[in-house]
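Please read the structure below before turning to the comments.
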Amino acid sequence: MAEHDPENMPQNEAVLDWHEGDMPYSPAFDDHFYCRSDGRLECGHVFLAGNGLPLRWQRENPFRIAELGFGTGLNLCETWRQWRHTAPGEASLSFTSFERYPMARADIDRALSHWPEIDRERVILTENWPDAPAGRVEIDLEPRVRLTVVCGAALDSLGREETPFDAWYLDGFAPARNPDMWSAGLMAEVFRLTVPGGRFATYAAAGFVRRNLAAAGFAVERRPGFAGKREMLCGERPAV
């Protein structure tokens with residue numbers, strides 16, 4: 001998830017502590033990887049609902065989701081689970097995540113084992129996860145569902161992308177702890193890589209994040225956050 005390179009952190013490896021048994025925590029960024037109450041439900045509240053999903057993927061055309069910060073793969077697995085239950089039969093899903101420090105297979109498996117609801121997705125993801133993820137990791141999870149994880153600094157990686165996305169999950173570490181992941185330059189790239197009428201959603205509500213998203217061109221909306229958090233942000237790239 002991280003964008004800058006804290007002192008003593010290995011260049012291409014996520015360094016973790018574990019809280020409460022299976023809650024991954026980054027000592028470098030002094031932050032948990034997701035909401036401590038229930039990260040899976042948070043994904044539904046923030047990222048799916050904030051992007052108007054599953055309603056917006058009720059179509060035959062391929063649906064493209066992008067994410068800043070793959071982390072444990074929790075957002076992928078919950079999105080994929082809901083996709084399996086709601087998407088039209090011939091639809092296809094492309095899920096692309098930009099991750100500076102990819103986690104090891106065993107750590108992903110340990111974190112995701114907390115939720116039996118996504119056991120199927122966890123098993124398929126970890127069985128296909130490379131031993132040393134680097135570069136552009138591409139995995140066909142099942143017919144018409146493809147995962148791409150682009151390893152490296154997000155601003156550099158986004159600069160090499162050309163095809164825009166229908167929805168964005170902005171899920172880096174907290175803005176106060178990792179401001180590079182929420183910079184004006186990065187939000188401008190997110191806007192460039194969003195289709196007209198496409199959306200973004202994030203748990204973050206910091207003022208500078210909202211201003212950077214608005215300056216990039218998004219129409220930004222505040223909504224109630226998850227689990228008592230006062231606000232979250234979501235919004236749309238205007239269609240015209």
Side-chain angles (χ1 to χ4, degrees), residues 1 14 16 18-26 31-57 62-87 91-131 133 136-151 165-173 199-203 226-227 232:
M1 289 183 175
L16 304 179
W18 294 89
H19 291 182
E20 302 167 19
D22 53 12
M23 168 65 75
Y25 170 85
S26 169
D31 201 6
H32 295 87
F33 275 71
Y34 36 74
C35 171
R36 297 180 71 178
S37 59
D38 193 317
R40 187 183 70 86
L41 296 182
E42 180 187 37
C43 173
H45 178 93
V46 174
F47 297 114
L48 282 112
N51 274 293
L53 306 174
L55 180 63
R56 291 181 56 231
W57 65 43
F63 196 83
R64 289 172 50 79
I65 296 174
E67 175 184 48
L68 294 184
F70 185 70
T72 65
L74 175 59
N75 292 334
L76 162 74
C77 288
E78 177 60 15
T79 300
W80 178 16
R81 183 189 73 83
Q82 294 203 31
W83 171 271
R84 289 195 302 107
H85 291 294
T86 63
S92 63
L93 174 65
S94 169
F95 193 103
T96 300
S97 191
F98 300 89
E99 174 59 68
R100 179 68 176 266
Y101 301 109
M103 290 173 63
R105 177 190 295 112
D107 291 333
I108 291 175
D109 190 63
R110 178 176 176 178
L112 296 181
S113 293
H114 179 78
W115 291 281
E117 297 89 346
I118 54 172
D119 272 349
R120 176 186 182 276
E121 290 76 15
R122 171 185 59 82
V123 169
I124 295 173
L125 172 62
T126 54
E127 283 180 347
N128 287 278
W129 192 248
D131 293 332
R136 196 175 183 93
V137 177
E138 299 191 350
I139 302 172
D140 288 320
L141 297 166
E142 64 182 12
R144 296 185 294 279
V145 178
R146 185 173 182 83
L147 168 66
T148 302
V149 178
V150 183
C151 304
F165 298 91
D166 298 289
W168 277 91
Y169 297 179
L170 306 183
D171 194 27
F173 286 117
R199 293 188 61 83
F200 77 88
T202 178
Y203 69 88
F226 178 74
M232 56 167 276

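- A donor-acceptor contact shorter than 3.5 Å is absent between the side chain of R56 and the backbone of A167.
- Using a 30° and 60° split on the angle between ring planes, H45 and F226 fall in the tilted class, from 30° to 60°.
- Here R110 does not pair with D107 in a salt bridge; the nearest charged N to carboxylate O distance is not below 4.0 Å.
- Distance CZ/R120 to CG/L141: 9.5 Å, rounded to 0.5 Å.
- Counting heavy atoms from C-beta outward, C77 and L112 have side chains that approach closer than 4.5 Å.
- The shortest side-chain heavy-atom distance between D109 and R122 falls under the 4.5 Å cut-off.
- Annotation: side chain of N75 is not in contact with side chain of F70 (no heavy-atom distance under 4.5 Å).
- Checked by atom type and distance alone, the side chain of W115 never pairs as donor or acceptor with a backbone atom of G39 at under 3.5 Å.
- Between the CZ atom of F98 and the OG1 atom of T148 there is a distance of 8.5 Å, given to the nearest 0.5 Å.
- Between atom CG of residue L74 and atom OG1 of residue T79 there is a gap of 8.5 Å, rounded to the nearest 0.5 Å.
- Shown are N128, D140, L125, V137; of these, the side chain to side chain contact (heavy atoms under 4.5 Å, CB included) with L147 is made only by L125.
- Here the shortest heavy-atom pairing between W129 and M103 reads NE1-O, 3.0 Å.
- Taking every heavy atom of both residues into account, R105 and T126 meet most closely at NE-O, 2.9 Å.
- Distance check, rounded to the nearest 0.5 Å: OH of Y169 to OG1 of T96 gives 12.0 Å.
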- Query: Going through the checks in order, is the side chain to side chain contact (heavy atoms under 4.5 Å, CB included) test met by L53 and Q82?
  - Reply: CA-CA 9 Å; L53 306 174; Q82 294 203 31; over 6 Å; no
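- V149 and E99 make their closest contact through CG1-CB, 4.2 Å (heavy atoms, listed as atom of the first residue, atom of the second, distance).
- Note: T202 OG1 to M232 CE = 7.5 Å, rounded to the nearest 0.5 Å.
- Identified under the salt bridge (charged side-chain N to carboxylate O under 4.0 Å, His left out) test for residues 66-78, with sequence neighbours left out: R40-E78, E78-R81.
- In this structure, R64 contributes its side chain and S94 its backbone to no donor-acceptor pair below 3.5 Å.
- Using a 4.0 Å cut-off between charged side-chain N and carboxylate O, R84 and E121 make a salt bridge.
- Within the 4.5 Å cutoff, no side-chain heavy atoms of I65 are placed close to those of F47.
- Ring pair W83/W57 is perpendicular by interplanar angle, where above 60° counts as perpendicular and below 30° as parallel.
- With values rounded to the nearest 0.5 angstrom, C151 atom SG is found 11.0 Å from R100 atom CZ.
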